[in-house]
Amino acid sequence: MRKKGARQGVLVMGSRLQFEGDESVMLRVTHSNIKSFTADVRFSLQSTVESVKEKLWKKCGTSVGSMSLELYDDTGKKTAVLGDNSRRLGFYSPHEGYRLHVIDLDPSSVTSGGWLEDTSLVEKYQIPEERYDKLDGTYRKFKEKLAHQIPSGAANQSSDSYMEDLCSNIKVGDRCQVEPGEKRGVVKFVGQAENLGRGFWVGIQYDEPLGKHDGMVKGMRFFDCPPLHGAIVRPDKVKVGDYPERDPFEEDEI
């Protein structure tokens, strides 16, 4: 019976040791040089302090030889300095939610100087202008190519004088024809209309009810005409000249 009990004790002991070997703890990791760095990392309590440092080195960049570790409880109180690399983590009694603070002791470390967080501290390379001009596929070359493809009038569409030159031969009272559709009428307004868009516009009274209004657009009256006979268009849509009012019966069969 004693032998059997002893065997059971071994099994119990073996079971307990296996359980302890599987124990782990989640710690919140912070860094002395990287203020924005924080990570929740799970560690085995059976890991040595040195193996903990090796794991942290891969996450924060501080070398094992330059790393000092401090343990803080959930109230912010420092409970231990992990100063013995051969000790197991469990020796320092960390609990779930404790903070493990990494201190980088190397003044020339990649984490020092703050440049990992503030990119303004990093020296930027600036290519010389003459060399940049010789490169193909740059944004500058793209803009130059695009400028050649866009008509000059479209490039100045936001100007107050947009299409002013096209209005030089268009006067109030002129007979006209408007495209598309060859709609005929008389010019009733020439000038700027800020509530429609910058640049110059032409107001038309159509001979037939082919328009959209009676000369009032967006609460502003530009001219008077019968309902649905009015339109305001850009000057490039208007041709002035001998465009008499059409006879509605001229195309009828006799």
(message) With a 4.5 Å cut-off on side-chain heavy-atom distances among I, L, V, M, F, W and Y, is there a chain of contacts connecting M216 to V233?
(response) no

Under 3.5 Å donor-acceptor pairs involving side-chain atoms of residues 172-186, not counting sequence neighbours:
residue, atom, partner, partner atom, Å
D174, OD2, K171, N, 2.9
R175, NE, Y243, O, 2.8
R175, NH1, D207, OD1, 3.0
R175, NH2, D207, OD2, 2.7
R175, NH2, Y243, O, 2.9
Q177, OE1, R184, NE, 3.3
Q177, NE2, E179, OE2, 3.3
K183, NZ, P180, O, 2.6
R184, NH1, P244, O, 2.9

(message) Working to the nearest 0.5 angstrom, can you tell me the gap between L228 CG and E208 CD?
(response) 12.5 Å

(request) Determine, stepwise, if the pair L56 / V29 fulfils side chain to side chain contact (heavy atoms under 4.5 Å, CB included). (result) CA-CA 9 Å; L56 292 174; V29 179; 3.8 Å; yes

(request) For salt bridge (charged side-chain N to carboxylate O under 4.0 Å, His left out), just list the numbers for K188 and D224, CA-CA rounded to whole Å, side-chain angles, deciding distance to a tenth of an Å, and then say yes or no. (result) CA-CA 8 Å; K188 300 285 287 186; D224 292 299; over 6 Å; no

(request) Could you check if a side-chain atom of T62 sits within less than 4.5 angstrom of a side-chain atom of D106, using non-hydrogen atoms only? (result) no

(request) Evaluate the side-chain proximity of E129 to R140: yes if any heavy-atom separation is below 4.5 Å, no if none is. (result) yes

(message) Quick one, L82 with L89, criterion side chain to side chain contact (heavy atoms under 4.5 Å, CB included). Give me CA distance, side-chain angles, the key distance, then yes/no.
(response) CA-CA 8 Å; L82 284 62; L89 179 62; 3.7 Å; yes

(request) Decide if atom CD of E96 counts as having more than 12 heavy atoms of other residues, nucleotides or ligands within a radius under 6.0 Å. (result) yes

(message) For V187 and I204: C-alpha separation, side-chain torsions, deciding distance, then whether side chain to side chain contact (heavy atoms under 4.5 Å, CB included) applies.
(response) CA-CA 5 Å; V187 176; I204 309 293; 4.2 Å; yes

(message) Give me the atom names and distance for the closest heavy-atom approach of F43 to K55.
(response) CE2-CD, 3.9 Å

(message) If I compare all heavy atoms of P235 with all of M163, which pair ends up nearest, and what's the gap?
(response) CD-SD, 3.7 Å

(message) Does K237 have more than 12 heavy atoms from other residues, nucleotides or ligands lying within 6.0 Å of its NZ?
(response) no

(request) Under 4.5 Å between side-chain heavy atoms, chaining through other members, with only Ile, Leu, Val, Met, Phe, Trp and Tyr counted: pull out the rest of the cluster around V81, sorted by chain and number. (result) none

(message) Restricting to non-hydrogen atoms, name the atom on L27 and the atom on P94 that form the minimum distance, rounded to 0.1 Å.
(response) CD2-CB, 4.1 Å

(request) For K53 and N85, work out which heavy atoms get closest and say how close. (result) NZ-OD1, 3.0 Å

(request) Determine the minimum heavy-atom distance between Y92 and G83, stating which atoms define it. (result) OH-N, 3.7 Å

(request) Determine whether I170 and F200 fall in the same hydrophobic cluster, where Ile, Leu, Val, Met, Phe, Trp and Tyr are linked whenever their side-chain heavy atoms lie under 4.5 Å apart. (result) no

(message) Would you compute the distance between atom OG1 of T75 and atom OH of Y98 and round it to the nearest 0.5 angstrom?
(response) 7.5 Å

(request) Would you indicate whether the side-chain heavy atoms of H101 and Y72 approach each other to under 4.5 Å? (result) yes

(message) Just verifying a value: how many Å separate I127 CD1 and Y132 OH, rounded to the nearest 0.5 Å?
(response) 8.0 Å

(request) Starting at SG of C225, measure out to NE2 of H213 and round the result to the nearest 0.5 Å. (result) 7.0 Å

(message) Using modelled atom types and a 3.5 Å cut-off, is there a donor and acceptor pairing between side-chain atoms of R28 and backbone atoms of R99?
(response) no

(message) Using side chain to side chain contact (heavy atoms under 4.5 Å, CB included), reason through D84 and F91 one step at a time and then give a plain yes or no.
(response) CA-CA 10 Å; D84 188 344; F91 173 80; over 6 Å; no

(request) Locate the shortest heavy-atom distance separating M67 from V102; write the atom from each residue and the value. (result) CG-CG1, 3.6 Å

(message) How long is the straight-line distance from NZ of K212 back to OH of Y206, given to the nearest 0.5 Å?
(response) 9.0 Å

(message) Looking at T48, is its backbone amide N or carbonyl O close enough to the side chain of S51 to form a donor-acceptor pair, meaning the two atoms are under 3.5 Å apart?
(response) yes

(request) Give a yes or no on whether the backbone of L71 and the side-chain of T79 come within a donor-acceptor separation of less than 3.5 Å. (result) yes

(request) Could you state whether V64 and L100 fall into the same hydrophobic cluster, counting links through intermediate Ile, Leu, Val, Met, Phe, Trp or Tyr residues with side-chain heavy atoms under 4.5 angstrom apart? (result) yes

(request) Count the heavy atoms belonging to other residues, nucleotides or ligands that lie under 6.0 Å from CZ of R131, then report whether that count exceeds 12. (result) no

(request) Quick one: pull up OG1 in T38 and NE2 in H31 and give me the separation to the nearest 0.5 Å. (result) 12.5 Å

(message) Count I, L, V, M, F, W, Y as connected when their side-chain heavy atoms are under 4.5 Å apart, and connections chain through other members. Are L69 and L45 then in the same cluster?
(response) yes

(message) Using a 4.5 Å cut-off between side-chain heavy atoms of Ile, Leu, Val, Met, Phe, Trp and Tyr, which other residues end up in the same hydrophobic cluster as M220?
(response) F189, L196, W201, V217, F222, F223, I232

